[in-house]
Colleague: 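What follows is a single structure, and I will ask about it in a moment.
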2 protein chains.
Amino acid sequence: MQGVRLTPTSYIVLGLLSWVAEATPYDLKRMVAGSVGNLWSVQHAQLYTEPERLAKAGYLTEDRERGGRRRRRYAITERGRAALREWISMPTDDFTELRDPGLLQLFFGADPAELASTQLHVHEEKLREYEEVRARGSSDAPAGPRLALEAGIGHEREWIRFWRRLAKG
Amino acid sequence: MQGVRLTPTSYIVLGLLSWVAEATPYDLKRMVAGSVGNLWSVQHAQLYTEPERLAKAGYLTEDRERGGRRRRRYAITERGRAALREWISMPTDDFTELRDPGLLQLFFGADPAELASTQLHVHEEKLREYEEVRARGSSDAPAGPRLALEAGIGHEREWIRFWRRLAKG
DNA sequence: ACCGTCATGTAATCGGTTACATGATTCT
DNA sequence: AGAATCATGTAACCGATTACATGACGGT
């Protein structure tokens, strides 16, 4: 029940658990892979440690299976929901830098054309992936993920524009 | 002289030191603030620890002032230059996820219009800042930083497009 | 003189990454 | 039956953030 600092990872766990009755770390891993992971990936090891932290702080309940694998199953508590709601309702004015490794290379003098050709492939591939996700998505999908996906697509397109310009001198 | 893993932070330090004869951590801090920092910021404390690591591994020389502040002055070695060159010449196929806190909130159900209005301000401000940097930049500035700045501007514009659409339902 | 801000640095903490391991399943 | 892959978990390490401190300097 100690106070803990809630990080983006915390909110990802809380957010996912707000959608389902309960989940094991492995369930979380799969959920991340299919959704938020595109925008903010999480190492699987963290999906073991983070819920544990959150449970200790009262945001989740932890329930260990008897027998068999003795999997841990987590469920969100009212306190967890409250924390999630509060975070969501307070629009952040943070934003992330690009922090793109390729761009860093460009910054420090990498050959634009060569770098661009590599990066173009990567981003075109990613764009295709996103568009496929979008195509598969049912129309009754929640708005949040859908909009986030749109953002992802927009930025991939921007990357492609950028690198394409560099590719041809 | 041990082997160390070179991180993006390492390359930022190496890259900056490849531009000047020598620099103190504080010099590095200022250099970062005015250039790469826009794309990949570094905490000032790391500009003390990272050069130390790099020096131990032979990528930099460390030289402590006698008397006065006893500042540490670092300079890149041939080995450091080689490492930098090698990294630059090998186009990475890595890329970064958006990892945008606002987008994460949107994903988990934040009110689009409200969030958008906050985020719009932030990104418009950032764009203005970038454009100012661009305007100030001399035309003989190195290509890398200039191109990286263009990328930054492009993405800020993309963010603005995105949030603007959400701002008005 | 005093205050605020810039300059400069160290230490502790901690989230996140990497590495390591073993149990189940599925496929040939 | 054996190989490969998926499922599931723990432990150690380490880079990065946060917090803490003091010195210099310009302005009122």
Side-chain angles (χ1 to χ4, degrees), chain A residues 2-14 16 22-34 36-37 39-57 59-60 62-74 87 94 96-97 99 101 104, chain B residues 2-14 16 22-34 36-37 39-57 59-60 62-74 87 94 96-97 99 101 104:
Chain A
Q2 301 318 312
V4 288
R5 184 183 307 278
L6 296 180
T7 68
T9 304
S10 315
Y11 290 114
I12 289 174
V13 170
L14 289 174
L16 292 176
E22 54 170 25
T24 67
Y26 193 69
D27 292 335
L28 290 173
K29 182 187 166 187
R30 270 178 308 178
M31 294 173 80
V32 167
V36 225
L39 126 79
W40 199 305
S41 70
V42 181
Q43 305 288 329
H44 90 278
Q46 269 205 268
L47 297 176
Y48 290 86
T49 44
E50 187 64 23
E52 198 183 331
R53 266 183 76 220
L54 292 175
K56 269 198 193 109
Y59 298 100
L60 305 180
E62 180 178 326
D63 175 30
R64 193 133 188 184
E65 289 179 352
R66 291 181 215 256
R69 288 275 184 125
R70 310 204 56 219
R71 288 199 207 80
R72 292 189 176 87
R73 320 198 126 271
Y74 293 95
W87 172 70
D94 268 17
T96 309
E97 296 148 5
R99 281 183 180 256
L104 200 57
Chain B
Q2 300 319 311
V4 287
R5 184 183 309 277
L6 296 179
T7 70
T9 305
S10 314
Y11 291 114
I12 288 174
V13 170
L14 290 175
L16 292 176
E22 55 171 24
T24 67
Y26 192 70
D27 293 335
L28 290 174
K29 182 188 166 189
R30 269 178 309 178
M31 294 174 79
V32 166
V36 226
L39 125 80
W40 199 304
S41 70
V42 181
Q43 306 288 327
H44 90 278
Q46 269 204 267
L47 296 176
Y48 290 85
T49 44
E50 187 62 25
E52 197 183 333
R53 266 184 76 220
L54 292 175
K56 271 198 191 107
Y59 297 100
L60 305 179
E62 179 178 326
D63 177 29
R64 193 133 190 185
E65 289 179 351
R66 292 182 214 255
R69 290 275 183 125
R70 309 205 57 216
R71 289 200 207 79
R72 293 188 176 87
R73 321 199 124 270
Y74 293 96
W87 171 70
D94 269 16
T96 309
E97 296 148 4
R99 278 181 183 259
L104 201 56

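Chain letters run A, B, ... following the sequence lines, proteins first and then strands; every chain starts at 1. This one's a predicted model, so the numbers in the text were calculated from it and none came from an experiment.
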Colleague: For nucleotides 13-15 of chain C, print each protein N/O atom paired with a nucleotide N/O atom at under 3.5 Å, atom names and distance only.
Modeller:
unit_1, atom_1, unit_2, atom_2, d
C:dG15, OP1, A:Arg53, NH2, 3.3

Colleague: Nearest whole angstrom, please: distance from the P of D:dG15 to the CD of B:Glu52.
Modeller: 12 Å
Colleague: Taking CG from A:Leu47 and C1' from C:dT18, how many angstroms apart are they, rounded to a whole number?
Modeller: 15 Å
Colleague: For A:Val42 and A:Leu47, work out which heavy atoms get closest and say how close.
Modeller: CG1-CD2, 3.9 Å
Colleague: Please enumerate all residues that pass side chain to side chain donor-acceptor pair (under 3.5 Å) together with B:Gln46, with sequence neighbours excluded.
Modeller: none
Colleague: Whole angstroms only, please: what is the CD1-P distance between A:Ile12 and C:dG16?
Modeller: 9 Å
Colleague: Restricting to non-hydrogen atoms, name the atom on B:Leu39 and the atom on A:Glu97 that form the minimum distance, rounded to 0.1 Å.
Modeller: O-CB, 3.4 Å
Colleague: Reading 5' to 3' and counting Watson-Crick or G-U wobble pairs with both distances under 3.5 Å, write the dot-bracket notation for DNA chain D, | for bases paired outside the strand.
Modeller: ||||||||||||||||||||||||||||
Colleague: Partners of B:Gln43 by side-chain contact (heavy atoms from CB on, under 4.5 Å), sequence neighbours excluded?
Modeller: none
Colleague: Over how many whole Å does the gap from B:Trp40 atom CH2 to D:dG15 atom C1' extend?
Modeller: 13 Å
Colleague: Send over the distance from B:Tyr48 OH to D:dT17 P, rounded to a whole Å.
Modeller: 16 Å
Colleague: Distance from B:Leu16 atom CG to B:Leu28 atom CG, nearest 0.5 Å?
Modeller: 6.0 Å
Colleague: Rounded to whole Å, how long is the line connecting atom NZ of B:Lys29 with atom C1' of C:dT8?
Modeller: 9 Å
Colleague: What is the distance, to the nearest angstrom, from the CG atom on B:Leu54 to the P atom on D:dG15?
Modeller: 10 Å
Colleague: Taking the side chain of B:His44 as heavy atoms from C-beta outward, which of C:dG9, D:dT17, D:dG9 is closest to it?
Modeller: C:dG9
Colleague: By nearest nucleotide on DNA chain D, pick out whichever of A:Asp27 and A:Arg99 is the more 5' one.
Modeller: A:Asp27
Colleague: Is there a donor-acceptor contact under 3.5 Å linking the side chains of A:Thr9 and A:Glu50?
Modeller: no
Colleague: Rounded to the nearest angstrom, tell me the gap between atom CG in A:Leu28 and atom P in D:dT8.
Modeller: 11 Å
Colleague: Do the non-hydrogen side-chain atoms of A:Val13 and A:Tyr74 ever get within less than 4.5 Å of each other?
Modeller: no
Colleague: Out of D:dT10, D:dT17, D:dT8, which nucleotide sits closest to the side chain of A:Arg72?
Modeller: D:dT10
Colleague: Establish, with yes or no, whether the OP1 or OP2 oxygen of D:dA16 is under 4.0 angstrom from a side-chain nitrogen or oxygen of B:Gln43.
Modeller: no
Colleague: Assign each of B:Thr24 and B:Thr49 to its nearest nucleotide of DNA chain C by heavy atoms, then name whichever residue's nucleotide is nearer the 5' end.
Modeller: B:Thr24
Colleague: Out of D:dT10, D:dT17, C:dT10, which has the shortest distance to the side chain of A:Ala45?
Modeller: D:dT10
Colleague: Tell me, please, which residues at least two apart from B:Trp87 pass ring-ring contact (aromatic ring centres under 6.0 Å, His included).
Modeller: B:Tyr11
Colleague: Mind checking salt bridge (charged side-chain N to carboxylate O under 4.0 Å, His left out) for B:Arg73 and listing every partner two or more places apart, or none if nothing turns up?
Modeller: B:Glu22, B:Glu65
